[in-house]
**Student:** 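Would you mind keeping the following structure in view while I ask a few things?
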Amino acid sequence: MKYQGIIFDLDGVICSTDEYHYRAWKALAERLGIPFDRERNNLLRGVSRMQSLEIILEKGDKTYTDEEKAAFAEEKNTLYRQLLGQMSAADLSDDVKTTLTALRGAGLRLAVGSSSKNTPFILERIGLGSFFDAVADGNCITHSKPHPEVFLKAAEMIELPPAACLVVEDAHAGVEAAVAGGFDCAAMGDAKEDPRAAYHLTQVSELGFMS
Ligand code: BG6
Ligand code: MG
């Protein structure tokens, strides 16, 4: 493999929290009388909680104060965390588990680069609380994806330059962030066909076949 480190997005790459994000946002949108569906949910991939809320509110016809918006985000997060509470090590797929083990065995440095402030909680739930060499997340950045900050921070934490790292992403905003930071990107899921990505994966285990 031509890389020395791999930086993984969390939601949609390491684990499938997408459905929980969707259900929690959907509940809030319904309460506020705002249309929201799975297609619209895809626009929220990779972007921060508050930016996600702004995207949802765009479809409504009311304006809200910053205090109201903060309360809405908190309401969504409370429901989201209740749903996350159901997760366990069984939610870590064999595909991801065997790939992470193989990449670690091959001597690669492995990091997480996620916009989510719930990253430590999720990693703990799925049994990866102390697996990664570094975790850069929504708690340590000022700019969310598509800004490259979270990936640059992760690379710095594993002491590698961007050119020596591969980013794995399922969000268009994440592919954009990786490329902006000077990283090659392997895209999958919703962003699989993104032309800015160097690789297009159907599943994470395809990383193990890269030379
Ligand atoms: C990203 C998700 O990983 O985290 C986004 O793809 C989400 O959909 C963002 O908005 C922030 O998550 P959290 O957990 O901090 O609300
Ligand atoms: Mg993602």
Side-chain angles (χ1 to χ4, degrees), residues 6-29 36-58 69-87 91-93 95-96 111-126 128 132 135-151 153-154 166-179 183 185-194 196-197 200-201 203-204 207:
I6 304 194
I7 303 171
F8 293 89
D9 171 52
L10 179 67
D11 294 316
V13 171
I14 296 293
C15 58
S16 297
T17 45
D18 332 38
E19 181 63 22
Y20 299 144
H21 272 298
Y22 172 71
R23 280 198 238 162
W25 282 127
K26 177 81 180 161
L28 176 71
F36 182 68
D37 57 18
R38 285 175 196 278
E39 198 184 327
R40 199 114 184 104
N41 188 54
N42 281 336
L43 299 177
L44 314 182
R45 287 179 193 274
V47 304
S48 73
R49 193 181 307 165
M50 290 313 288
Q51 284 168 306
S52 297
L53 176 66
E54 294 292 351
I55 292 170
I56 289 169
L57 296 181
E58 272 170 21
K69 288 179 188 173
F72 293 158
E74 187 58 34
E75 181 181 332
K76 180 266 175 176
N77 195 51
T78 300
L79 178 52
Y80 178 56
R81 283 182 68 107
Q82 273 169 20
L83 296 167
L84 290 178
Q86 304 166 8
M87 291 183 91
D91 289 287
L92 184 63
S93 70
D95 176 57
V96 171
V112 168
S114 169
S115 298
S116 174
K117 293 186 174 175
N118 290 301
T119 297
F121 182 57
I122 296 167
L123 289 176
E124 203 60 53
R125 299 286 333 158
I126 60 175
L128 294 179
F132 289 96
V135 174
D137 65 23
N139 299 297
C140 62
I141 51 170
T142 45
H143 306 287
S144 192
K145 301 169 191 176
H147 193 285
E149 185 180 1
V150 78
F151 294 136
K153 193 142 274 183
L166 178 68
V167 167
V168 188
E169 257 295 345
D170 75 313
H172 292 288
V175 176
E176 188 177 332
V179 172
F183 299 86
C185 185
M188 56 184 290
D190 190 56
K192 186 182 172 190
E193 307 301 337
D194 194 308
R196 297 166 295 187
H200 307 272
L201 309 179
Q203 48 183 21
V204 171
L207 289 171

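As the structure lists them, so they are numbered: ligands from 1, and atoms in each ligand from 1. For this chain, numbers begin at 1 and follow the sequence in order.
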**Student:** For the residue pair Asp18 and Asn41, confirm or rule out a side-chain donor-acceptor distance under 3.5 Å.
**Tutor:** no
**Student:** Heavy-atom contacts with ligand 1 below 4.0 Å: which residues, ordered by chain and residue number?
**Tutor:** Asp11, His21, Leu44, Arg45, Gly46, Val47, Ser48, Arg49, Ser52, Tyr80, Ser114, Ser115, Ser116, Lys117, Asn118
**Student:** Is it true that Glu176 and Lys145 have a side-chain N and a carboxylate O under 4.0 angstrom from each other?
**Tutor:** no
**Student:** Should we count NZ of Lys69 as having more than 12 external heavy atoms under 6.0 Å?
**Tutor:** yes
**Student:** Output the distance between atom OG (Ser114) and atom CD1 (Ile141), rounded to the nearest 0.5 Å.
**Tutor:** 8.0 Å
**Student:** Between the side chains of Arg45 and Glu169, is the shortest nitrogen-to-carboxylate-oxygen separation below 4.0 Å, so that they form an ion pair?
**Tutor:** no
**Student:** Do Leu79 and Leu28 touch side chain to side chain, with heavy atoms closer than 4.5 Å?
**Tutor:** no
**Student:** Do Phe36 and Tyr22 make a side-chain contact, defined as non-hydrogen atoms from C-beta onward lying under 4.5 Å apart?
**Tutor:** yes
**Student:** Do Phe132 and Thr119 come within less than 4.5 Å of each other through their side chains, counting heavy atoms only?
**Tutor:** no
**Student:** Sorted by chain and residue number, which protein N/O/S atoms are under 2.8 Å from the Mg ion (ligand 2)?
**Tutor:** Asp9 OD2, Asp11 O, Asp170 OD1
**Student:** Could you tell me the separation between the CG atom of Asn118 and the CG atom of Asn139, rounded to the nearest 0.5 Å?
**Tutor:** 8.0 Å
